Amino acid sequence: MIGFIDWTEGNLSLYVFEKKGNQYKLVDTQSVPLEGELNQASLTPFIQANIKQIYLSVPVNLFSLRELSFPFSDRTKIKDTISYELEGILLGDISDYSIDCIIKESSESGSQVLAVCMEKTKLRDIIDIFSSVGLEPASITSIDLRFSSKNIEMLFDESPALGEEIRAEAAREELVNPLINLRQEELAYKGDINRIKRSLRFTGTLVLVLLLILGFDLTLNLISLKKENTLLAKKLTQPITRYFLRTQNSLMP
């Protein structure tokens, strides 16, 4: 099962999806009110043993958003150069931010881009809170940006709140085609890597135990064979010894 936590001002929702191939089917929804700051107690209703991976949408007011223009449209090139374009625009050092972007418009002459930035200290605090209750998010995005990235002024309008079904569908779309992910560089999700490491360590331990068992079994077999050889040698030498003794006795005067 895949869990998608939708964190909005005043509410937390968990959408649980079942993945079959490349399809995600919504199988459960749970919502709780959020009063004040997010904390561990806020997340305890969402702790479920059958959820293998968590994705997170955070409130858009946690971001610093900047509209930029580029004379090219290649996404890789934009991501490689966007930090230079943001120098002097964001408060503080650019290296203090985790940055992703949304291409709003694109043509042969260039592209219009929405830079989505969050301070790494704030992002790390969020990750730590969720991780502390076993809900470390593999990806951090924002459902609200999916609806308003083309016109960010909509984010500040007094528009009616989106219904739960609409937000759940947006969460499903995020799983299929992520809009952004602020877990990058040193804050990138390492859960899959750690899981593989644990699996390799477990496999290595099993192999070591198997080798020890095989070695012990081989040692027992060698001891048993040695005893059998000793007994066989005694059985072979006993008739010869008796014959030699009888011969000596017969020759004595």
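Note that the structure is predicted; figures quoted are calculated from it, not measured. Residue numbers start at 1 and run along the sequence shown.
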Measuring from [X]:[atom1] to [Y]:[atom2], what's the distance to the nearest 0.5 Å?
X	Y	atom1	atom2	answer
Asp144	Leu179	CG	CG	11.0 Å
Ser31	Asn11	OG	CG	5.0 Å
Glu105	Ile103	CD	CD1	11.5 Å
Leu12	Ile5	CG	CD1	7.5 Å
Glu169	Tyr15	CD	OH	11.0 Å
Leu175	Gln23	CG	CD	12.0 Å

[Y] and [X], any side-chain heavy atoms less than 4.5 Å apart:
X	Y	answer
Arg75	Ser111	no
Ile94	Ile99	yes
Leu68	Ile89	yes
Val113	Cys101	yes
Lys25	Lys20	no
Glu67	Lys104	yes
Ser57	Trp7	no
Met1	Lys19	no

Sequence neighbours excluded and cut-off under 3.5 Å, please list the side-chain donor-acceptor pairs for residues 117-129, or say none.
| residue | atom | partner | partner atom | Å |
| --- | --- | --- | --- | --- |
| Lys120 | NZ | Ser95 | O | 3.0 |
| Lys120 | NZ | Glu185 | OE1 | 3.4 |
| Lys120 | NZ | Glu186 | OE2 | 3.0 |

Is any NZ, NE, NH1 or NH2 atom of the basic residue among Glu164 and Arg167 found under 4.0 Å from an Asp or Glu carboxylate oxygen of the other?
->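 Answer for the salt bridge query: no.
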Could you list the donor-acceptor pairs under 3.5 angstrom formed by side chains in residues 32-44, with sequence neighbours left out?
| residue | atom | partner | partner atom | Å |
| --- | --- | --- | --- | --- |
| Asn39 | OD1 | Ala41 | N | 3.1 |
| Asn39 | OD1 | Ser42 | N | 2.9 |
| Asn39 | OD1 | Ser42 | OG | 2.9 |
| Gln40 | NE2 | Ser132 | OG | 2.8 |
| Ser42 | OG | Asn39 | N | 3.3 |
| Ser42 | OG | Asn39 | O | 3.4 |
| Thr44 | OG1 | Ala41 | O | 2.9 |

Got a sec, which residues hit side chain to side chain contact (heavy atoms under 4.5 Å, CB included) with Asn177, two or more places apart in sequence or on another chain?
-> none
Identify, with sequence neighbours excluded, every residue that meets side chain to side chain contact (heavy atoms under 4.5 Å, CB included) alongside Pro178.
-> Glu174
Between Ser69 and Gln112, is any side-chain donor less than 3.5 angstrom from a side-chain acceptor?
-> yes
Take Leu14 and Ile51 through the side-chain contact (heavy atoms from CB on, under 4.5 Å) test and state the conclusion after the steps.
-> CA-CA 11 Å; Leu14 172 66; Ile51 294 180; 4.0 Å; yes
Got a sec, which residues hit ring pair (Phe, Tyr, Trp, His ring centres under 6.0 Å) with Phe70, two or more places apart in sequence or on another chain?
-> Phe72
Nearest heavy atoms of [X] and [Y], plus distance in Å:
X	Y	answer
Ile2	Tyr24	CG1-CE2, 4.2 Å
Phe63	Thr141	CZ-O, 4.2 Å
Leu62	Val58	CD1-CB, 4.0 Å
Ile143	Ala170	CG2-CB, 3.7 Å
Asn181	Ala138	ND2-O, 4.2 Å
Tyr189	Pro137	CD1-O, 3.7 Å

Output yes when a side-chain donor or acceptor of Glu136 lies under 3.5 Å from a complementary backbone atom of Phe130, and no otherwise.
->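 Absent.
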So, Ser13 side chain and Asp6 main chain: donor-acceptor pair closer than 3.5 Å or not?
-> no
With a cut-off of 6.0 Å (strictly less than), are more than 12 heavy atoms of other residues, nucleotides or ligands near CG of Asn22?
-> no
Any chance CG of Leu91 has more than 12 other-residue heavy atoms, nucleotides or ligands included, within less than 6.0 Å?
-> no
Verdict with reasoning, Asp28 to Phe17, per side-chain contact (heavy atoms from CB on, under 4.5 Å) = CA-CA 7 Å; Asp28 191 23; Phe17 295 88; over 6 Å; no
If you look only at distance, which donor and acceptor atoms sit under 3.5 Å apart when one is on a side chain in residues 77-86 and the other is two or more places apart or in another chain?
| residue | atom | partner | partner atom | Å |
| --- | --- | --- | --- | --- |
| Lys79 | NZ | Asp100 | OD1 | 3.3 |
| Thr81 | OG1 | Lys77 | O | 2.9 |
| Thr81 | OG1 | Ile78 | O | 3.4 |

Determine, stepwise, if the pair Val60 / Leu65 fulfils side-chain contact (heavy atoms from CB on, under 4.5 Å).
-> CA-CA 9 Å; Val60 74; Leu65 304 175; 4.1 Å; yes
